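Heads up: the structure comes next, in structure tokens.
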Amino acid sequence: MSSKNLFDLTDRVAVVTGGNGGIARGIALGLAQAGSAAAALARSEEKNQRLVGELEALDVPAVAVKTDVADRSQLPSALQEVEKKLGPNNILVNIAGITVLGGVLGRSGVLKSGSR
């Protein structure tokens, strides 16, 4: 089996959370290059539309849904929109995340007694 066939995702639908920037954007594009339709669930509408353009340039169906995945109440309608436009989801890649600023020693920067 050739590597192209091994990674062929034709007729699959991939959803990538946080998918319009950084690593998630790269994953969405990689899945599309393997033939998958691709959907991004992310907060920035401007970045969402830019990514849809990049995905469509790869000649795959694509959609981006403005979604804050930290608000779980937004997920059912976002996934329903993806299914309505692309079909049932086969692949889910959760990349959305947050950054908590602080030192490696904790938010106060001080080790607690008895910890190392």
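Computed from a predicted model, the values in this text were never measured in an experiment.
Expressed to the nearest 0.5 Å, how far CZ of R43 lies from CD of Q74 amounts to 10.0 Å. Between the CG atom in N20 and the CZ atom in R25 there is a gap of 9.5 Å [rounded to 0.5 Å]. Separation of atoms CD1 (I95) and CD1 (I23) is listed at 6.5 Å; rounding is to 0.5 Å. Put simply, OG on S44 and CG on L51 are 10.5 Å apart, with the number rounded to the nearest 0.5 Å. Annotation: the span from L79 atom CG to L92 atom CG amounts to 7.5 Å, rounded to 0.5 Å.
A salt bridge does not link E54 with R50: every distance from a Lys NZ or Arg NE/NH1/NH2 to an Asp or Glu carboxylate oxygen is 4.0 Å or more.
Inter-residue side-chain proximity for L58 and Q33 is flagged as met; some heavy-atom pair is nearer than 4.5 Å. Counting heavy atoms from C-beta outward, R12 and I91 have side chains that approach closer than 4.5 Å.
Minimum interatomic distance between N48 and A42 (heavy atoms only, all atoms of both residues): ND2-O, 3.2 Å. The shortest heavy-atom contact between S36 and A14 is OG-N, 3.3 Å. The two residues G18 and A24 have their closest heavy-atom pair at O-CB, 2.8 Å.
Every residue was checked against the side chain to side chain donor-acceptor pair (under 3.5 Å) condition with D11, not counting sequence neighbours, and none meets it. In this view, L86 and V13, A37, A39, P61, V63, V82 satisfy the side-chain contact (heavy atoms from CB on, under 4.5 Å) rule, not counting sequence neighbours. Residues forming a side chain to side chain donor-acceptor pair (under 3.5 Å) with Q80 (at least two apart in sequence, or on another chain): none.
Screening V16, V60, L55 against L29 for a side chain to side chain contact (heavy atoms under 4.5 Å, CB included) leaves a single residue, L55.
Remark: side-chain polar atoms of T10 are not paired, donor with acceptor, to backbone N or O of D8 under 3.5 angstrom.
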Quiz item: Passes side-chain contact (heavy atoms from CB on, under 4.5 Å), V15 versus V93? Steps please.
Solution: CA-CA 6 Å; V15 173; V93 182; over 6 Å; no
